[in-house]
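The structure under discussion appears below in the form of structure tokens.
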Protein chains: 2
Amino acid sequence: MSTMARSATTAPRQRSLTLVTAPPTATVSAPVPVSTVRRRAAEESTVGGVKSVTSALDVLDCFLDAEELGVSDIARRLGVAKSTAHRLLTSLSARGLTDKNPETGHYRLGLHLFELGQLAGDRMRLRRTAIPLLEELRQLTGCTVHLGVADGSNIIYIERLEPLRGMPPMTAVSRRLPSHCTSSGKVITAFDPEAARARKEAGFPALTNCSIRTEADFDKARAEIRRRGVATNVGEAMLGFSSVAAPVLDSSGRARAAISLVGTTEQIAGNLGRSAQLVTVAARRLARSLGI
Amino acid sequence: MSTMARSATTAPRQRSLTLVTAPPTATVSAPVPVSTVRRRAAEESTVGGVKSVTSALDVLDCFLDAEELGVSDIARRLGVAKSTAHRLLTSLSARGLTDKNPETGHYRLGLHLFELGQLAGDRMRLRRTAIPLLEELRQLTGCTVHLGVADGSNIIYIERLEPLRGMPPMTAVSRRLPSHCTSSGKVITAFDPEAARARKEAGFPALTNCSIRTEADFDKARAEIRRRGVATNVGEAMLGFSSVAAPVLDSSGRARAAISLVGTTEQIAGNLGRSAQLVTVAARRLARSLGI
DNA sequence: CCCATGTGTCCCACTGAGCGGAACGATGCG
DNA sequence: CGCATCGTTCCGCTCAGTGGGACACATGGG
């Protein structure tokens, strides 16, 4: 099956210098949407797989970039005939993985997908065990609290608690970010060689002008993080926001996850010592609770 | 699509008298798992669809019942050859919709499914605007707070806030329940004829010995709910637990969602008036915020 | 006005992708 | 140790999924 191609549309596309300052609210389409953060190696031949199923999952991934898409949009993105895209969407919508807007004829992610995702989340032991600890952190700091894990070269926040009041919420910020641009990501790559390798392979696209841009800087940061036991991030993902993260280490010393506090740069800088202490303790308690 | 069929396998299968008292923690397998709550009309030929994609989605739905499944389990459930199930799982796992446990060779719902589900949730306007209101309700009552919508004959909780402390969490309770067994479901069916029709068609399996069992009782309850404007539920989904719900009505008077408070039967019974008042106000404010 | 270009949906003939069956090695239980 | 069952792999047949094209409808500019 298809060691083929990587079809035209996939080619260079790194380094869309998005320089995020305020989170874009995902308006509908734009000719060719580009994202600095790609999900795994995407179509790597997938031997032994079912092509039409893979296409259907490609359809779902289209909605990572855009909230609502038409049949033709999707056909173009996948490089398939309109009829094929239509058939795939019909199948997905019949099961609620996508929903069709009957007025526009456009599609979006569906209710049943949400339901399955919730179920997946409820079953993640790491996440379930962490939530009370994260809640405690939020009560103590008032900051946004994240629990992140590595997925290839990116980090995914599998839990996010919004600040209680006053502070700006992170709602609009993606749950998937390049690992070198976040404190969680940096602390995980510092304590997980595989995550670091994946990031190096994917390169170092910048999200702001504070982001790490070279492998040398990346490794220097990782070394310092290993010494200190925590990672910080000052405006590297979004200008004006900073964070501090501690690793959840297993018995072999590998990072399985990270707990981080996010706030405005003033918020974090003013309490760096205390924040670092808090996330470190929480991460240790989590590792112990998990018995890893 | 498909006024067709509803093929063989869909036939009787109602009324697994599960009589839930404590939530089962979804142990692995059991020869043929049965659930009182089926997702939509399932496999209704789905004309215009792609069979292998539909099968793949069937695979995902298998995990509604069981947390972890093997290739053979799934092949049996779908009624396909082991090799087919294996191929489907390979495709799903390549994209993170399922994850394989490398030691046991078994599969579970995957990280990317969770990610997509979160995205779907973040994009639901109803849910996003409701969350602050729900949080306020939780602070005022300490109860579990639900936001539910109808999906066929069932109701799905698209948001659940666990009680702040002390009170037993609902974590283990399904996010999908038959609408006649919950206050949210009852209030929605009272103010949405389509939801009521779907429930009647699906019958009235009992979750506890307090559950509504007949269409007559169902309609009587709906009439009273329309008079009072709120619905209650005393031990009808789980013994010892009660709830009260108010509808989120659009301008035509149809219920689009419901907000409910859940607690032990003593908790709810003791404050019924106040709880009813609180959910009603919250539901009205939500409808107004949504401009529906 | 009409024409050009977009959309979503439907139909159909061709063919290669996906199917089931069989065989394999590994694992675990009695 | 068998016996059973697991997950995985291979292979040849065939039907399911493909792309192209036709269609009705909507939009917008000259």
Side-chain angles (χ1 to χ4, degrees), chain A residues 1-5 7-9 28-32 43 45-59 62-63 66 68-95 98-108, chain B residues 1-5 7 28-32 43 45-59 62-63 66 68-95 98-108:
Chain A
M1 161 168 314
S2 88
T3 57
M4 277 277 303
S7 67
T9 71
V28 184
S29 74
V32 174
E43 56 335 58
S45 73
T46 318
V47 285
V50 182
K51 194 168 150 234
S52 61
V53 171
T54 301
S55 296
L57 304 187
D58 284 334
V59 171
C62 288
F63 292 97
E68 203 166 316
L69 290 169
V71 172
S72 306
D73 284 322
I74 289 178
R76 249 174 281 123
R77 293 189 184 218
L78 300 201
V80 300
K82 256 199 308 180
S83 53
T84 301
H86 184 260
R87 235 176 301 116
L88 293 171
L89 283 164
T90 301
S91 304
L92 289 168
S93 296
R95 304 314 208 64
T98 53
D99 277 338
K100 193 212 289 199
N101 181 335
E103 304 176 6
T104 65
H106 287 196
Y107 295 79
R108 40 170 56 219
Chain B
M1 160 164 321
S2 87
T3 57
M4 278 281 300
S7 71
V28 184
S29 74
V32 174
E43 50 339 55
S45 75
T46 317
V47 287
V50 182
K51 196 171 149 227
S52 60
V53 171
T54 302
S55 296
L57 304 187
D58 284 334
V59 171
C62 287
F63 292 97
E68 202 165 317
L69 291 169
V71 171
S72 305
D73 285 322
I74 289 178
R76 251 174 278 125
R77 293 189 185 220
L78 300 200
V80 300
K82 255 197 312 178
S83 53
T84 301
H86 184 260
R87 237 176 301 117
L88 294 170
L89 283 163
T90 301
S91 304
L92 290 169
S93 296
R95 302 314 207 66
T98 52
D99 277 338
K100 193 209 291 196
N101 181 334
E103 305 177 5
T104 65
H106 287 195
Y107 295 80
R108 40 170 56 221

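Letters go in sequence order (proteins before strands), and every chain restarts at 1.
Rounded to the nearest 0.5 Å, atoms CG (A:D73) and OH (A:Y107) are 12.0 Å apart. Of the inter-residue distances, the one linking A:L88 atom CG with A:S93 atom OG reads 10.5 Å to the nearest 0.5 angstrom. B:K100 contributes atom NZ, which lies 9.0 Å from atom CG of B:L89 (distance to the nearest 0.5 angstrom). The CZ atom of A:R108 lies 11.5 Å from the OG1 atom of A:T98; values are rounded to the nearest 0.5 Å.
Remark: C1' of C:dG18 and CG of B:L78 are 15 Å apart, rounded to the nearest angstrom. Nucleotide D:dG17 holds its C1' atom 16 Å from the CG atom of A:D58, rounded to whole Å. Across the protein-nucleic acid pair, B:I74 atom CD1 and D:dC6 atom P stand 12 Å apart, rounded to whole Å. Summarising the geometry, the separation between CG on A:L88 and P on C:dC10 is reported as 15 Å, rounded to the nearest angstrom. In this structure, CG of B:N101 is placed 13 Å from C1' of D:dG7, rounded to the nearest angstrom. The distance between atom CD of A:E103 and atom P of D:dT27, rounded to the nearest whole Å, is 13 Å.
Looking at the side chain of A:A81, the nearest of the listed nucleotides D:dG17, D:dG19, D:dG7 is D:dG19. Listed nucleotides D:dC10, C:dT7, D:dG7 differ in distance to B:S83; the shortest reach to its side chain belongs to D:dC10. Nearest to the side-chain atoms of A:S52 among the listed nucleotides D:dC6, D:dG17, D:dT8 stands D:dG17. For B:R76, the listed nucleotide lying nearest its side chain is D:dC6; candidates were C:dG18, D:dT18, D:dC6. Considering only side-chain atoms of A:V80, the nucleotide from D:dG19, C:dT9, D:dT9 that sits closest is D:dG19.
Both A:T104 and A:V53 lie near DNA chain C, and the one whose nearest nucleotide falls closer to the 5' end is A:T104. The 5' end of DNA chain C is approached more closely, in terms of each residue's nearest nucleotide, by A:G70 than by the other of B:G79 and A:G70.
Contact between the side-chain N/O atoms of A:R87 and the OP1/OP2 oxygens of D:dT18 is found at a separation under 4.0 Å. When the side-chain nitrogen and oxygen atoms of B:H86 are compared with OP1 and OP2 of D:dG7, none of them lie within a distance under 4.0 Å. Distances shorter than 4.0 Å separate some side-chain N or O of B:Y107 from OP1 or OP2 on D:dT8. At the phosphate of D:dT8, OP1 or OP2 sits under 4.0 Å from a side-chain N or O atom of B:K100. Checking the phosphate oxygens (OP1, OP2) of D:dC10, no side-chain nitrogen or oxygen of B:K82 falls inside 4.0 Å.
Minimum interatomic distance between B:R77 and B:C62 (heavy atoms only, all atoms of both residues): NH1-O, 3.6 Å.
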